[in-house]
Amino acid sequence: MTMLQRLYVEQGQSPWLDNLTRRYLRDGTLAELVGRGIRGVTANPRIFAKAIEGSSDYDEHFWSLTSAGESAEDACWELAANASQLNRH
């Protein structure tokens, strides 16, 4: 049993990941963290904005949305919604 799993079993505390990124979803990092005891994730708008700005992981999807006529704001909302849906699979 990992320390995070013990934290939940023994103390009733649910450890959460507060910096979900697309890379974590795609490369298996999130699944690995869940396997070690992470029980939830957040998609804080500021953290999400930082993830978009700080990597090229979202560029292709963003440009395809804006090229199709979406506003930059709508494209960002679509990216956030898409990231949340990826997390459920």
Side-chain angles (χ1 to χ4, degrees):
M1 182 178 294
T2 70
M3 184 169 51
L4 293 175
Q5 291 165 337
R6 282 185 34 227
L7 182 65
Y8 178 73
V9 170
E10 296 173 9
Q11 304 296 320
Q13 297 294 309
S14 296
W16 280 55
L17 175 68
D18 196 31
N19 63 337
L20 179 63
T21 66
R22 180 172 278 197
R23 183 169 293 145
Y24 283 8
L25 294 168
R26 289 190 169 170
D27 72 4
T29 299
L30 180 59
E32 179 184 329
L33 291 170
V34 169
R36 290 193 291 183
I38 291 295
R39 300 194 53 88
V41 297
T42 61
N44 179 299
R46 286 185 182 219
I47 293 171
F48 188 69
K50 192 173 185 179
I52 291 172
E53 294 170 359
S55 78
S56 61
D57 291 347
Y58 299 88
D59 291 353
E60 184 179 334
H61 192 189
F62 180 81
W63 291 116
S64 72
L65 292 168
T66 55
S67 295
E70 295 282 343
S71 69
E73 181 178 357
D74 287 343
C76 287
W77 281 111
E78 175 64 27
L79 292 176
N82 183 263
S84 296
Q85 290 170 358
L86 287 173
N87 184 39
R88 287 187 271 178
H89 298 319

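As the structure is a prediction and not an experimental result, all values here were calculated from the model.
The nearest pair of heavy atoms linking Ser14 to Trp16 is O-CD1, 2.9 Å.
When the salt bridge (charged side-chain N to carboxylate O under 4.0 Å, His left out) test is applied to Arg23, the partners found at least two apart in sequence or on another chain are Asp57. In this view, Glu10 and Arg6 satisfy the salt bridge (charged side-chain N to carboxylate O under 4.0 Å, His left out) rule, not counting sequence neighbours. The side chain to side chain donor-acceptor pair (under 3.5 Å) check on Ser71 picks up Asp74, with sequence neighbours excluded. With sequence neighbours left out, Gln5 forms a side chain to side chain donor-acceptor pair (under 3.5 Å) with Thr2. Residues that satisfy the side chain to side chain donor-acceptor pair (under 3.5 Å) test with Ser55, not counting sequence neighbours, are absent from this structure. Residues passing the salt bridge (charged side-chain N to carboxylate O under 4.0 Å, His left out) test with Glu70, sequence neighbours excluded: none.
Taken from CZ in Arg39 to CG in Leu7, the straight-line distance is 10.0 Å, to the nearest 0.5 Å. In this structure, the separation between CG on Asp27 and CD on Glu32 is 9.0 Å, given to the nearest 0.5 Å. Between atom OH of residue Tyr58 and atom SG of residue Cys76 there is a gap of 11.0 Å, rounded to the nearest 0.5 Å. Taking CD1 from Ile38 and OH from Tyr24, the interatomic distance works out to 10.0 Å, rounded to the nearest 0.5 Å.
The shortest side-chain heavy-atom distance between Ser64 and Phe62 does not fall under the 4.5 Å cut-off.
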>> Run Glu78 and His61 through side-chain contact (heavy atoms from CB on, under 4.5 Å) and show every step you take.
In response: CA-CA 9 Å; Glu78 175 64 27; His61 192 189; 4.3 Å; yes
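Follow the hydrophobic side-chain contacts under 4.5 Å out from Trp63 and you reach Leu65 in the same cluster. No continuous path of hydrophobic side-chain contacts links Tyr8 to Leu4 [ILVMFWY only; heavy atoms under 4.5 Å].
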